[in-house]
J.: 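My questions all concern the structure below.
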Amino acid sequence: MLDDFRMSVLGELPRFRWGRFQQAVREEDYLGALDIAAQALDEEAQRYRMTTRASGPHVVAPDRVALYLASIFGRLDVIDRVIAIEQFALEAARQPYRPQFGDKPDNDLDTVLESHHRRNADAAPVVHGERLAMAIQHKEDHSRFTAILEAVRNRPGILQVDLAGVIPDRDTKSVTRMVDQLESTGLVATKKVGSRVAVWPAEHSDAPSEAERRTPRWYWAVDDYWEDRPYEWEDPARTTADIEALADFVEEAARQPGIDEGLRPTPLDFLQGRTWHFVSPALSGGYPVHADPEQLALAFWGHRDLEEAAAMAERIIHSGGADTTPNQKKKWLLARPRHTHVERIPFTERFRKDQGWLLREVPEPTPNSVPATAFTASGVCTDPDKAAELGVACWLKQRKTR
């Protein structure tokens, strides 16, 4: 369970960090954006190392904007992170298939997985080899950007065509693109001089005014076209902070001795719902939350402000209600949050025979209970033995809300 949780954290954090990266680029905070990119790449690398798939990790393509900006601003450590990830993926793709279900030659599932592995082994080295070469090229381009900037500072107003002699290993088209990229980051300014283009350092006293400069020819980020922005994307910085807070909270609990013993719940028990999805903590202020649409039940760790809990529950239900019908969702949303206490009861998963824990609400605090804020529809399970048999949590029946 803890490994699954860590993988979920490392899967979600980079996603929202890249959202923050795009925000920073739109705000022209390029150095801040590169700091965020470095964090995201570190988390992606950690997740890839934890992957146990027979065909190796599924490594996503690097963000080219981050590579260009790292090359311009000399953040070669960002590029090195991409290179290390692609080298790891390339090595993983070349590994022989490892049977997942024993060494029996007639295992159908292993046969299918091995077939997938062979197809991946044919294509993946080509893909990762090309990405690796691209990242190395971006790293080499740093010296070229530096040479262009030095030439422009030494000869303010230098013609763009003359910059081709500064980096003779690149054609005129490549030099033009690099000047456009430098201008888009605010490092140089350009102006038409007759039929040619002259280049100045952006801060130079003789640099052209805004009105005299050419229309930008390179854009780093696309516009934000969200029409109905999901809550977790309204503020990616807040969402990443909530996920980090949840991860720290759970990891601290996991370090406590005897966490899998006794009937007293731990934060990990609030993450074990069969239909739990990781967006829920991002929508719930970083608190551990047990979400179970089948039972129309939510339980937040600790006694939360009831109005805040109701708002969090509504966000979670609207975001993760794919497993509920419209009538069930409506019934669920009519519930009211309440402060309560929960214990845990053991159960055995019927197919895998794994031992686990279920939550059980109790009418009064007990030595084994912990505070919780429950948000449950009326008429849910009230029989602990039946709940354990079905592998679901058990909640006290509440009066219907009209």
J.: Hey, could you give me the CG/CG distance between L187 and L149, rounded to the nearest 0.5 Å?
T.: 6.0 Å
J.: Kindly say whether T325 contributes a backbone atom to a donor-acceptor pair with the side chain of Q328 at under 3.5 angstrom?
T.: yes
J.: Return the CE to CG distance between M7 and L10, rounded to the nearest 0.5 Å.
T.: 7.0 Å
J.: Kindly compute the distance separating CZ (R15) from OG1 (T240), expressed to the nearest 0.5 Å.
T.: 12.0 Å
J.: Side chains of S284 and F300: does their closest heavy-atom pair fall under 4.5 Å?
T.: yes
J.: One pair to check against side chain to side chain contact (heavy atoms under 4.5 Å, CB included): L333 and H318. What are the steps and the verdict?
T.: CA-CA 9 Å; L333 290 170; H318 280 306; 3.8 Å; yes
J.: Parallel, tilted or perpendicular: which one describes the rings of Y68 and W218, with boundaries at 30° and 60°?
T.: perpendicular
J.: Tell me, do D206 and P156 make a side-chain contact under 4.5 Å, heavy atoms counted?
T.: no
J.: Quick one: does V289's side chain get under 4.5 Å of F270's, heavy atoms only?
T.: no
J.: Under the 3.5 angstrom rule, does the side chain of S174 hit a backbone N or O of R170 as a donor-acceptor pair?
T.: no
J.: Go through the steps for E28 and W220 under the test side chain to side chain contact (heavy atoms under 4.5 Å, CB included), then give the verdict.
T.: CA-CA 9 Å; E28 299 183 0; W220 291 117; over 6 Å; no
J.: Which heavy atom of T373 sits nearest a heavy atom of H303, and at what distance?
T.: OG1-CA, 3.3 Å
J.: Does any non-hydrogen side-chain atom of K191 lie less than 4.5 Å from one of R214?
T.: no
J.: Would R304 count as a cation-pi partner of F375, with NZ or CZ less than 6.0 Å from the six-membered ring centre and within 45° of the ring normal?
T.: no
J.: Tell me if a side-chain donor or acceptor on E212 pairs with a main-chain N or O of S209 at a distance below 3.5 Å.
T.: yes
J.: Taking atom types as modelled and ignoring hydrogens, do the side chains of S369 and E343 form a donor-acceptor contact shorter than 3.5 angstrom?
T.: no
J.: I need the I79 CD1 to S71 OG distance, nearest 0.5 Å.
T.: 5.0 Å
J.: Between K173 and D171, is the salt bridge (charged side-chain N to carboxylate O under 4.0 Å, His left out) condition met? List the steps.
T.: CA-CA 6 Å; K173 184 177 180 180; D171 57 23; over 6 Å; no
J.: Which residue in the set I243, D235, D242 passes side chain to side chain contact (heavy atoms under 4.5 Å, CB included) when paired with T239?
T.: I243
J.: After noting the C-alpha distance and the side-chain angles of L358 and R344, does the key distance pass the side chain to side chain contact (heavy atoms under 4.5 Å, CB included) rule?
T.: CA-CA 5 Å; L358 299 171; R344 63 182 186 181; over 6 Å; no
J.: Scan side-chain atoms only and decide if H138 and R64 contain a donor-acceptor pair under the 3.5 Å cut-off.
T.: yes
J.: Specify the closest pair of heavy atoms between V60 and Y48, including all atoms of both residues, with the distance to one decimal.
T.: N-OH, 3.2 Å
J.: If only side-chain N and O atoms count, and only distance matters, is there a donor-acceptor pair under 3.5 Å linking Q160 with T176?
T.: yes
J.: Is there a side-chain contact between I167 and V175 (heavy atoms, below 4.5 Å)?
T.: yes
J.: Quick one: closest heavy-atom pair of P201 and A207, and the distance?
T.: O-CB, 3.6 Å
J.: Going by atom types alone, do W18 and E44 pair a side-chain donor with an acceptor below 3.5 Å?
T.: yes
J.: If you define the side chain from C-beta out and look only at heavy atoms, does anything of I72 sit under 4.5 Å from Y30?
T.: no
J.: Can you name the nearest heavy-atom pair linking R81 to A38, along with the distance?
T.: NE-O, 3.5 Å
J.: Working note: R47 + V9, criterion side chain to side chain contact (heavy atoms under 4.5 Å, CB included); need CA distance, chi angles, decisive distance, verdict.
T.: CA-CA 9 Å; R47 177 165 59 92; V9 169; over 6 Å; no
J.: Do T376 and R338 meet the criterion of a side-chain donor-acceptor pair at a distance under 3.5 Å?
T.: yes
J.: As an exercise, state the distance from CG of L69 to CZ of R75, rounded to the nearest 0.5 Å.
T.: 11.0 Å
J.: Flag the pair R131 and E86 as a salt bridge only when some basic side-chain nitrogen lies within less than 4.0 angstrom of an acidic carboxylate oxygen.
T.: yes
J.: Which class fits the ring pair W301 and F249: parallel under 30°, tilted 30 to 60°, perpendicular over 60°?
T.: perpendicular
J.: Please report the shortest heavy-atom distance between P267 and V250, naming the atom on each side.
T.: CB-CG2, 4.5 Å
J.: Can you tell whether the side chains of E244 and R17 come within less than 4.0 Å, N to carboxylate O?
T.: yes
J.: Considering residues, nucleotides and ligands other than Q256, do more than 12 of their heavy atoms fall under 6.0 Å from its CD?
T.: yes
J.: Is there a donor-acceptor contact under 3.5 Å from the side chain of R213 to the main chain of P208?
T.: yes
J.: Spell out, as yes or no, whether a donor-acceptor pair under 3.5 Å connects the side chain of W200 to the backbone of A189.
T.: no
J.: So R229 and E234, salt bridge (charged side-chain N to carboxylate O under 4.0 Å, His left out) or not? Walk me through it.
T.: CA-CA 6 Å; R229 181 185 297 276; E234 289 179 3; over 6 Å; no
J.: So do R264 and V370 actually touch side chain to side chain, heavy atoms under 4.5 Å?
T.: yes
J.: Between D3 and R6, does a salt bridge (charged side-chain N to carboxylate O under 4.0 Å, His left out) hold up when you go through it step by step?
T.: CA-CA 5 Å; D3 285 344; R6 289 168 176 160; 3.5 Å; yes
J.: Could you check whether D141 pairs with R144 (Lys NZ or Arg NE/NH1/NH2 to Asp/Glu carboxylate O, under 4.0 Å)?
T.: yes
J.: Roughly how far apart are H290 NE2 and L298 CG, rounded to 0.5 Å?
T.: 8.5 Å
J.: Could you tell me if the side chain of D80 sits less than 4.5 Å from the side chain of K139, heavy atoms only?
T.: yes
J.: Answer yes or no: are there more than 12 heavy-atom neighbours, outside R155 itself, under 6.0 Å from its atom CZ?
T.: no
J.: So which heavy atom on D269 is nearest to which on T266, and how close?
T.: OD2-N, 2.7 Å
J.: Do the side chain of D162 and the main chain of I158 share a donor and acceptor less than 3.5 angstrom apart?
T.: no
